[in-house]
Amino acid sequence: MISNNNLKSLYKDILKIRIVEEGISDRYSEQEMRCPIHLSIGQEAIAVGVCKNLNDKDQIVSNHRCHAHYIAKGGDINKMINEFYGNSDGCTGGRGGSMHLFDQNKGVLSSVPIVSSAIPLGVGAGFYFKYNKQNNVAVIFLGDAAIEEGVFYESLNYAKILSLPILFVCENNLFSCFTDIKERQPKNLIKKISKTFDIKTSFLDGNDTINIFNKTKKIISEIKKNKQPQFILLDTFRMFEHCGPNKDDYLNYRNPKLIKKWDKNCPLKKMEKLLISKKILSLKQISDIKDKYKVKIDNIFKKCRKKKFKGPNLKEIKLYA
Amino acid sequence: MPKKRIITSSEAINEATIIAMKKDKNVYVIGEGVNDPKEIFGTTKNLKKIFGKKRVIETPISENGMTGLCIGSAMMGLKPIQVHQRVDFALLALEQIINNCAKAFFVSNSKHTVPIVIRLIIGRGWGQGPMHSQILDSLFAQIPGLKVIMPSMPRDFKGMMLSAIKDPNPVIVLEHRWLHNIKGSVPKKFYSQNINKPNKIKNGKDLTIVANGYNLLEVLEIQKILNSEGISFDLFDLNVIQPLNTDSIISSVKKTGRIIVIDSGFKNLGIGSEIVTRISENCLENLKSKPVRIGLPFMPTPSTRFLANNYYPNKKTILCAILDILKKGKNKIKLEKKLKNNIPIDVPDLSFKGPF
């Protein structure tokens with residue numbers, strides 16, 4: 001059974017991510033956050049449900065859609081928003097923009113916007129844990145299109161051969177940019193693939209935060225105990241466009257019924273309903289938490305927007321360590 | 001003076017690896033064939049016996065994935081030495097090398113270092129052909145964040161390997177297969193060697209020659225013939241290709257007024273093109289004659305020795321280029337006769353029977 005405190009904490013993390021991303025969406029047209037952004041709105045449950053079971057030494061790797069993973073793993077929101085504004089106080093000092101979020105102190109090893117490119121890095125982190133006999137786990141977040149890349153198979157294969165402590169988390173949001181998974185993969189390939197490598201595989205509803213939290217808790221303790229990789233496949237849906245601050249459903253590339261179905265299944269709304277029905281939080285309390293977070297995060301946006309870029313200039317940047 | 005110890009370059013590489021692995025438990029060796037009976041032409045000899053399978057790791061045939069694994073582990077603090085038996089196989093790993101390996105330090109605001117050594121062996125001869133003999137030095141040198149070295153002497157193979165392993169940056173080591181069996185004096189102890197600039201190995205007055213890898217040996221072999229004609233030259237071993245530090249070459253050309261650059265790779269868009277450009281930017285007024293580039297023709301390597309004959313520059317082409325730049329062309333026929341010509345063109349010497 002999940003404790004009330006854990007429920008509240010999961011809710012607050014989803015809320016934090018949602019408010020940051022809505023903050024980006026609201027302000028993007030000001031043209032001060034001048035980098036591509038890939039919002040996770042609708043997909044927060046996976047990041048939060050999985051990362052809540054990790055400690056700071058456990059490592060995650062992510063992809064172009066990395067905001068939720070970064071925040072859920074404890075990444076510094078101030079540094080993240082600074083990065084969006086291209087400030088020198090950003091988590092990569094303005095070198096990477098939104099697609100390269102990382103936080104060494106919190107175990108966000110790397111985010112790489114080339115599909116599948118971060119997967120072997122995560123295998124490397126798992127390899128490091130095994131090499132040093134360190135009882136941690138490396139979590140690799142990947143999308144459904146990642147399994148169309150060769151390096152995904154190379155990574156899965158060797159993680160199994162070496163018995164590495166790795167959790168592959170495949171978020172299937174059904175579309176790669178505008179292209180339906182049906183046009184890219186044979187039916188159910190994604191469900192079978194990890195099993196063919198003899199890797200224990202679980203299928204979860206990607207918007208059911210509590211179930212994800214409970215199941216990954218067990219899975220992660222199994223990985224740490226048995227030193228074997230595992231794979232979770234979760235269906236989910238992104239509510240905004242692939243890249244940018246808006247919804248793009250007017251383009252009609254996704255069935256309106258599908259959009260409606262997933263909108264009803266919004267992880268944030270679901271959590272709020274549950275907290276109220278279980279009388280863990282009242283409507284008033286929820287509204288207060290929201291206001292408190294909103295004020296706090298709005299202030300970060302305001303401060304970051306005002307900041308001036310403080311060097312180094314291009315010539316001072318070191319190419320080598 | 002103690003007697004000098006003579007070993008081959010492949011033994012020197014092996015020795016450097018063993019010393020580094022003994023010194024630092026974070027160093028590990030990984031690659032296709034590192035544990036097989038041929039032991040990467042002897043360079044990984046005894047490693048498994050001394051350090052075990054945990055640190056000497058045989059891999060599936062997955063170049064890109066394995067490179068990513070090395071990079072991820074290096075970001076976490078390990079020091080992989082990754083081996084590819086040919087440059088050509090590493091092309092499958094270019095995505096990881098160029099995106100993650102080269103850029104991790106930059107994109108992490110200098111927080112991540114990737115102390116990885118990637119050994120790439122260059123094949124030549126015995127019909128290696130278009131996909132077993134590519135050099136691609138300028139391709140790797142084009143990527144900011146990578147260091148690229150190409151040792152030529154046994155002593156350098158050891159010292160530069162040790163420096164490369166110690167270096168916090170990714171280092172690509174281009175290792176010419178025909179150099180593995182070359183013998184030379186190599187100190188037994190640990191030592192490191194510069195991997196930041198080219199090495200000036202001869203002083204002379206008439207011209208400046210820049211070469212590396214196997215070509216460097218060919219220059220050294222015709223040295224006597226040239227000296228007998230009263231020709232002397234500054235010779236640079238361009239064993240560090242990136243960072244490409246040309247200060248000492250430019251000073252040399254200011255003195256000699258003549259330069260010949262011999263590329264191990266393609267002449268077209270090769271390292272020599274960059275060096276000659278820098279010469280023209282910095283000391284055009286000092287040039288007494290047009291700069292000369294020698295390198296591979298811009299086409300894939302043919303397999304048959306009958307075509308490969310004209311593919312690689314050799315002692316004769318180098319000798320002729322030197323005589324031409326010094327306007328001593330009339331001596332060509334006389335001096336060419338002094339070159340030994342009894343070796344088939346697809347082996348480095350008669351004792352070399354493979355493996356290739």
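Only this structure's heavy atoms are used, side chains among them; waters, hydrogens and symmetry mates stay out. A note on names: the letters A, B, ... follow the listed sequences, proteins ahead of strands, and every chain is numbered from 1.
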Heavy atoms, side chains only, cut-off 4.5 Å: are A:Phe127 and B:Leu78 in contact?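 Side-chain contact under 4.5 Å: yes.
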
When heavy-atom pairs shorter than 4.5 Å are enumerated against chain B, which of A:Asn132, A:Asn157, A:Ile317, A:Thr92 gives the highest number?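 Ranked by contacts with chain B, first place is A:Thr92.
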
If you count heavy-atom pairs under 4.5 Å between each of A:Leu121, A:Leu319, A:Leu164 and chain B, which one has the most?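 Answer, by heavy-atom pair count under 4.5 Å with chain B: A:Leu121.
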
So for A:Leu109, is it side chain, backbone, both, or neither that comes closer than 4.5 Å to the heavy atoms of chain B?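 For A:Leu109, the contact with chain B is made by backbone and side chain together.
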
Please list every donor-acceptor pair under 3.5 Å in which a side-chain atom of residues 157-165 of chain B meets a protein atom from a residue at least two apart or in another chain.
unit_1   : atom_1 : unit_2   : atom_2 : d
B:Lys158 : NZ     : B:Glu15  : OE2    : 2.7
B:Lys158 : NZ     : B:Pro187 : O      : 2.8
B:Lys158 : NZ     : B:Lys188 : O      : 2.8
B:Lys158 : NZ     : B:Lys189 : O      : 2.9
B:Ser163 : OG     : B:Gly159 : O      : 3.0
B:Ser163 : OG     : B:Gln193 : N      : 2.7
B:Ser163 : OG     : B:Gln193 : O      : 2.6

So for [X], is it side chain, backbone, both, or neither that comes closer than 4.5 Å to the heavy atoms of chain A?
X	result
B:Phe105	side chain
B:Pro115	neither
B:Thr59	both
B:Ser108	both
B:Leu146	backbone

Quick one: salt bridge (charged side-chain N to carboxylate O under 4.0 Å, His left out) pairs with a partner in residues 82-111 of chain B, sequence neighbours left out?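 Qualifying pairs: none.
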
Among the listed options B:Ala104, B:Gly65, B:Pro80, B:Ala102, the residue most often paired with chain A at heavy-atom distances under 4.5 Å: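 Of the candidates given, the most pairs with chain A belong to B:Gly65.
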
Using the rule given for side chain to side chain contact (heavy atoms under 4.5 Å, CB included), can you reason through B:Asn26 versus A:Tyr128, listing the C-alpha separation, both sets of side-chain angles and the distance that settles it, and then say yes or no? CA-CA 10 Å; B:Asn26 289 323; A:Tyr128 171 88; 5.8 Å; no

Among B:Asn64, B:Asn100, B:Asn99, which residue satisfies the side chain to side chain donor-acceptor pair (under 3.5 Å) criterion with A:Ser117?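 It is B:Asn100, the one option of B:Asn64, B:Asn100, B:Asn99 that forms the side chain to side chain donor-acceptor pair (under 3.5 Å) with A:Ser117.
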
Within 45° of the axis and under 6.0 Å from the centre of the six-membered ring of A:Tyr320, does NZ or CZ of B:Lys147 qualify?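 That pair qualifies as a cation-pi contact.
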
